[in-house]
Amino acid sequence: MPNYYLHTTNAKQALEAIAKGQSCVRISVDLNLSEQDFSLSDQSLVLDEDNRLSIDELKKIVKKTQRIYLCSDGDMVPLEDRSRGYYKLAPTAGSPLLEISGVKMHISKGTDPFVSASEMAKQAVRKGDKVLDCCSGLGYAAIAAHRLGASEVLTIELSPEVMGLRAQNPWSNDLGNKGIVQRQGSSYELIRTMDAASFDSVIHDPPRFSLAGELYSEEFYRQIYRVLRRDGQLFHYTGNPHIIKKGSSFVDGVIRRLKAAGFKNIVKVEHLMGVSAKK
């Protein structure tokens with residue numbers, strides 16, 4: 001059965017078209033990847049013969065401004081997971097973003113989550129590279145690396161909840177393409193099992209320090225250095241720089257530990273809230 005994704009914007013468009021007495025409305029139901037025309041009949045949005053949304057249902061969607069609903073097989077459910085914490089996909093003007101317990105997992109202010117992830121990939125990945133993508137989330141950076149011409153991308157995500165949501169996200173579909181390998185598990189543990197000098201570039205986009213401090217440790221940076229080939233490149237998302245003690249910023253601490261691990265040419269990339277470095 002086809003999937004339809006509804007949120008405040010397209011539900012509002014449908015309501016406005018119904019109010020004007022239109023017979024059809026052109027909207028995106030795949031989270032801004034494309035648009036198509038849908039019929040309006042009996043004060044309802046007709047997605048297909050099994051999926052119709054009444055005015056009341058559309059109004060319910062409009063009220064939940066930070067929620068995406070998946071409509072399929074006559075059912076409508078929010079794209080979220082409350083089994084452990086609260087994971088959800090939230091709508092934007094472009095690709096959806098991942099939110100965990102109220103914290104946005106992407107750069108989204110003034111940009112699109114997929115675009116910002118693509119910019120991160122460009123900081124490290126060159127055509128033909130074998131790429132390691134740590135803490136991949138919805139997989140946007142891994143997909144971008146593949147599109148940049150990477151020969152192979154190994155992408156690791158710890159959370160089964162996140163992997164479940166990205167399996168329902170149309171923007172993550174290209175993770176199934178040949179040349180991208182997905183693994184579920186801890187980047188901190190799995191990197192220890194990898195051969196030395198086995199990657200040309202690494203994209204490291206960990207959760208915030210308070211949730212995964214080990215992924216900002218010198219020990220982990222040494223593992224990244226070990227698996228990189230000579231002249232290999234790293235992009236490390238660090239999040240908003242903030243003062244942790246007088247005279248020393250969080251990012252400066254990251255840079256000190258990267259240097260101690262052996263990295264050189266370390267540069268702050270402020271618009272992407274991270275640093276680039278080279279082996």
Side-chain angles (χ1 to χ4, degrees), residues 94-95 97-98 104-157 171-172 174-175 179-181 187 191 194 197-209 212 215-218 220-242 249-279:
S95 60
L97 61 83
L98 173 66
K104 293 180 175 63
M105 296 291 116
H106 307 269
I107 301 174
S108 58
K109 187 175 181 180
T111 186
D112 173 274
F114 195 95
V115 171
S116 62
S118 299
E119 290 299 317
M120 291 181 194
K122 288 177 183 177
Q123 292 289 322
V125 179
R126 298 151 295 189
K127 187 174 181 180
D129 276 4
K130 184 176 180 183
V131 181
L132 173 62
D133 174 36
C134 299
C135 314
S136 62
L138 297 179
Y140 293 165
I143 293 168
H146 190 254
R147 291 178 182 177
L148 286 169
S151 60
E152 182 180 328
V153 183
L154 173 59
T155 181
I156 302 171
E157 172 54 45
W171 284 82
S172 301
D174 281 0
L175 285 171
I180 301 179
V181 178
S187 294
I191 199 169
M194 299 173 189
S198 53
F199 294 96
D200 301 291
S201 50
V202 174
I203 304 164
H204 181 38
D205 183 5
R208 60 172 59 184
F209 182 83
L215 296 176
Y216 296 82
S217 66
E218 182 182 328
F220 186 71
Y221 295 161
R222 287 185 180 277
Q223 288 295 328
I224 294 176
Y225 188 87
R226 182 183 66 81
V227 301
L228 271 173
R229 293 176 180 143
R230 185 177 179 182
D231 295 324
Q233 300 191 136
L234 164 70
F235 179 79
H236 177 5
Y237 174 78
T238 59
N240 275 318
H242 60 280
S249 78
F250 175 71
V251 176
D252 288 339
V254 167
I255 290 172
R256 284 195 300 272
R257 292 190 294 278
L258 286 171
K259 284 181 178 178
F263 285 97
K264 59 185 181 182
N265 299 349
I266 305 170
V267 178
K268 292 181 183 179
V269 187
E270 294 185 2
H271 72 288
L272 294 175
M273 301 183 195
V275 297
S276 63
K278 188 174 182 180
K279 179 170 179 178

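Source: prediction; values computed, not measured.
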Euclidean distance, [Y] [atom2] relative to [X] [atom1], rounded to 0.5 Å:
X: Gln233; Y: Gln123; atom1: CD; atom2: CD; result: 9.0 Å
X: Glu157; Y: Ser187; atom1: CD; atom2: OG; result: 8.0 Å
X: Lys264; Y: Ile266; atom1: NZ; atom2: CD1; result: 11.0 Å
X: Met105; Y: Cys135; atom1: CE; atom2: SG; result: 11.0 Å
X: Ser118; Y: Ile143; atom1: OG; atom2: CD1; result: 9.0 Å
X: His146; Y: Leu148; atom1: NE2; atom2: CG; result: 10.5 Å

Using side-chain contact (heavy atoms from CB on, under 4.5 Å), reason through Val153 and Val125 one step at a time and then give a plain yes or no. CA-CA 10 Å; Val153 183; Val125 179; over 6 Å; no

Residue pair Asp174 / Arg147, side-chain heavy-atom distance below 4.5 Å: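 In short, these two side chains touch, coming nearer than 4.5 Å.
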
Side chain to side chain donor-acceptor pair (under 3.5 Å) partner of Tyr221, the single match among His236, Arg257, Lys259: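 So, applying the side chain to side chain donor-acceptor pair (under 3.5 Å) to Tyr221 and each of His236, Arg257, Lys259, only His236 qualifies.
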
Could you walk me through whether Cys134 and Phe220 pass the side-chain contact (heavy atoms from CB on, under 4.5 Å) check? CA-CA 11 Å; Cys134 299; Phe220 186 71; 4.3 Å; yes

Exercise: identify the closest heavy-atom pair between [X] and [Y]:
X: Val254; Y: Tyr216; result: CG2-CD2, 4.3 Å
X: Ser95; Y: Asp112; result: N-OD2, 2.7 Å
X: Ala141; Y: Ala117; result: N-CB, 3.8 Å
X: Ala142; Y: Ile180; result: O-CD1, 4.2 Å
X: Phe199; Y: Val131; result: CD2-C, 3.6 Å
X: Ile156; Y: Met194; result: CD1-CE, 3.6 Å

Ignoring hydrogens and angles, tell me if any N or O in the side chain of Asp205 forms a donor-acceptor pair with the backbone of Tyr237 under 3.5 Å.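 A pair under 3.5 Å: no.
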
Only pairs at least two apart or in different chains count here, so list each side chain to side chain donor-acceptor pair (under 3.5 Å) that has a residue in residues 265-279.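 Qualifying pairs: Asp252-Lys268.
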
Is there any side chain to side chain donor-acceptor pair (under 3.5 Å) pair reaching into residues 128-144, and which pairs are they, with sequence neighbours excluded?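 Every pair satisfying side chain to side chain donor-acceptor pair (under 3.5 Å) with a residue in residues 128-144: Arg126-Asp129, Asp129-Ser201, Asp133-Thr155, Ser136-Thr155, Ser136-Arg166, Tyr140-Asn169.
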
Carefully, step by step, assess His204 and Ile224 under the rule side-chain contact (heavy atoms from CB on, under 4.5 Å). CA-CA 9 Å; His204 181 38; Ile224 294 176; 4.1 Å; yes

I'd like to know whether CZ of Arg229 has more than 12 heavy-atom contacts from other residues, nucleotides or ligands below 6.0 angstrom.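 More than 12 within 6.0 Å, yes.
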
Under the side-chain contact (heavy atoms from CB on, under 4.5 Å) criterion, do Leu138 and Trp171 qualify, and how do the steps go? CA-CA 8 Å; Leu138 297 179; Trp171 284 82; over 6 Å; no

